[in-house]
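Whatever order the structure lists ligands and atoms in, that order sets their numbers, starting from 1.
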Amino acid sequence: MSVSRPHLEPGRLFIDGEWREAGAKGVRDITDPSTGKVVTTVAEADASDVDAAVAAARKAFDEGPWSQTPGRERARILHRAADLIRKRADELVAVESVNVGKPVSLARAVDVSTAAEEYEYYSAMAQSVDGSSRQIPIPSHAYTRREPLGVVAAITPFNFPLILSSSKLAPALAAGNTVVHKPAEETPLSALLMAEILAEAGVPDGVLNVVTGGGAVVGEALLTHPGVDKIAFTGSTAIGRHAAATAGAALKPVTMELGGNAANIVFEDADLEKAIGAIIKGFVFNTGQFCMGGPRLLVHSSLHDTVLGILEGAVPGVPLGDPFDPATVIGPMAGLRHLEKVEEYVAIAKAEGGRIVTGGERLELDGGYYYKPTVIAGLGNDSRAVQEEIFGPVLTVQPFDTEDEAIALANSTPYGLASGLQTRDLARAHRVAARLQAGIVWVNDWAMLDPAIPFGGVKNSGFGREYGPEALESYTKVKSVVISLA
Ligand code: NAD
């Protein structure tokens with residue numbers, strides 16, 4: 001089904017169930033990355049707006065019904081939200097595509113449908129936020145309660161705005177918390193539409209508040225606000241380090257979903273056709289702006305030249321262009337700064353002796369921020385283009401000879417978010433998966449994700465998990481109650 005570019009009204013803040021201008025009347029331009037043109041504006045909040053949003057969330061938690069609402073009723077509301085996401089899918093697809101440059105087919109099949117599944121999954125879980133009874137050797141009735149934490153500050157990045165905000169809001173709300181959401185400054189439009197959808201579903205005033213604006217002002221005000229009980233952060237390792245330190249000083253719980261630079265290992269016994277599919281998906285999906293992408297290809301030396309030859313032939317054929325064309329698979333980068341960062345890393349790779357197998361330049365189209373999917377061979381493992389997170393449609397390719405060498409190369413960067421391997425050998429699959437330093441390992445495919453499967457990082461990729469019961473638990477605290485029966 002095709003979707004057209006939407007007509008957009010200026011975006012406002014959503015605080016205590018009301019749409020408001022920013023207190024200081026600031027606004028920010030929002031750009032369509034496929035044209036480079038401004039398509040609307042959104043309110044640019046400051047610390048006083050954050051104060052108002054936290055006060056509304058605080059009041060809704062301390063006095064409002066949400067945390068006391070039976071889980072079954074919260075479940076009904078969250079399920080209604082999932083239904084509304086599906087019903088209003090065209091609007092969400094259009095908004096996410098025009099704001100992030102996502103191909104409409106990807107936005108529909110992945111972003112919007114995953115967001116609906118996230119609300120469905122945690123709606124079911126809202127009904128079982130349970131404690132347990134404990135036996136102790138004195139006459140007593142002892143049990144635990146799982147209670148919501150309070151006000152959650154959800155800070156999210158630019159690349160999967162809808163999915164990554166829903167992966168925080170759905171479990172946080174299911175557990176009975178209230179939320180102040182700060183989306184990325186350049187891609188806030190779906191967060192504003194979701195505020196409308198959640199209110200329509202029946203989420204009471206003040207339970208969800210959305211404050212748009214810059215990280216240094218709005219994000220910082222949330223990190224340091226005494227009225228916030230938990231920081232749920234997804235973004236870069238550099239900002240995450242600062243956010244974790246700030247929250248640590250205030251002894252606040254945090255989850256940190258940070259950068260990645262995953263390796264995809266192709267062993268000599270891999271099903272090559274499947275492996276090529278996983279390799280291409282791993283580095284072009286979401287135009288490479290994917291924390292769990294696979295930008296480092298490690299390929300057994302017996303297959304190295306064959307795989308490079310196949311990629312040289314296949315990669316230029318992946319449809320790249322207007323995100324509103326249903327046939328498009330790769331859209332533009334989400335912003336000029338992201339495009340320029342990719343250009344900088346490709347220049348670094350060339351200076352480090354890398355050979356461009358395909359791509360390596362912009363695609364000039366409609367003034368958009370397009371970059372051709374790029375494969376680079378011949379780099380050493382200490383190359384910056386191998387070790388650092390490029391966050392664009394760029395694949396580096398390195399050969400290896402032994403299983404131990406492949407594992408050592410895969411584990412050699414500071415990151416540990418995702419990893420993967422392509423092999424027909426079942427024993428090897430388990431053996432290698434156990435030794436890879438990553439929060440998730442895929443075998444014989446890439447990016448198999450579902451709200452039931454936890455993901456998150458180790459090392460510089462952060463800590464804590466999204467998805468699964470693990471995420472729900474991270475939005476609760478345990479209280480023990482012991483009643484004397486003597
Ligand atoms: P970013 O760190 O620049 O920004 C993330 C969020 O933090 C934004 O909302 C931003 O406004 C806010 N922010 C910036 N400065 C802040 C401050 N001083 N205080 C509080 N908040 C502040 O990240 P980005 O460029 O939007 O996203 C890309 C990065 O996110 C990549 O490194 C990517 O790997 C990572 N990411 C990780 C995951 C994951 O699940 N681990 C998922 C998606 C993206």
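Considering backbone and side-chain atoms together, Glu220 places an N or O closer than 3.5 Å to an N or O of ligand 1. Considering backbone and side-chain N/O atoms, Thr156 comes within less than 3.5 Å of an N/O atom of ligand 1. In terms of polar-atom proximity, Phe158 is counted as a contact of ligand 1, with an N or O under 3.5 Å from an N or O of the ligand. In terms of polar-atom proximity, Thr234 is not counted as a contact of ligand 1, lacking any N or O under 3.5 Å from an N or O of the ligand. For ligand 1, none of its N or O atoms has an N or O atom of Ile155 under 3.5 Å away. By the 3.5 Å distance cut-off applied to N or O atoms, Thr237 is not counted among the residues near ligand 1.
Of the heavy atoms in Leu417, only side-chain atoms (C-beta onward) come closer than 4.0 Å to ligand 1. Contacts between Pro183 and ligand 1 below 4.0 angstrom, taking non-hydrogen atoms only, involve the backbone exclusively. In His242, the part holding a heavy atom less than 4.0 Å from any atom of ligand 1 is the side chain. No part of Leu222 comes within 4.0 Å of ligand 1, judged by heavy-atom distances.
By the 6.0 Å and 45° rule, Lys459 does not stack over the aromatic ring of Tyr415. Relative to the six-membered ring of Phe160, Lys102 meets both conditions, a distance below 6.0 Å and an angle of at most 45° to the axis.
Annotation: atom 14 (C) of ligand 1 to nearest protein heavy atom, Gly215 CA, 3.5 Å.
For ligand 1 and Gly260, the ligand atoms under 4.0 Å from any heavy atom of the residue are 34 (O). Here is the list of ligand 1 atoms found below 4.0 Å of a heavy atom in Glu389: 31 (C), 32 (O), 33 (C), 34 (O).
Between His225 and Asp51, the side chains place a donor N or O and an acceptor N or O closer than 3.5 Å (distance only, hydrogens not considered). With 3.5 Å as the limit, one finds a donor-acceptor pair spanning the side chains of Ser190 and Glu96. Remark: the Asn381 side chain and the Ser412 side chain contain an N/O donor-acceptor pair separated by less than 3.5 Å. If you check the side chains of Thr413 and Gln387, you find no donor sitting under 3.5 Å from an acceptor. Checked by atom type, the side-chain pair Tyr369/Glu340 shows no donor-acceptor distance below 3.5 Å.
Taking all atoms of both residues into account, the shortest heavy-atom contact from Ser165 to Thr156 is CA-CG2, 3.9 Å.
Taking the centre of each ring, Phe290 and Phe283 stay at or above the 6.0 Å mark.
Assignment of Ser461 to the shell around ligand 1 is not supported, since no heavy atom sits closer than 4.0 Å. Between Phe455 and ligand 1 there is a heavy-atom distance shorter than 4.0 Å. Residue-ligand proximity: Gly462 is placed with every non-hydrogen atom at 4.0 Å or more from ligand 1. Heavy atoms of Gly240 come nearer than 4.0 angstrom to ligand 1 in no pair at all.
Distances from atom 7 (O) of ligand 1 to the heavy atoms of Phe233, Tyr415, Tyr467 put Phe233 nearest. Nearest to atom 39 (C) of ligand 1 by heavy atom, out of Ala418, Gly293, Cys291, is Cys291.
Judged by distance alone, with hydrogens and angles left aside, the side-chain atoms of Asp229 form no donor-acceptor pair with the main-chain N or O of Val152 at under 3.5 Å.
By the 4.0 Å N-to-carboxylate-O rule, Asp16 lies too far from Lys59 to be salt-bridged with it.
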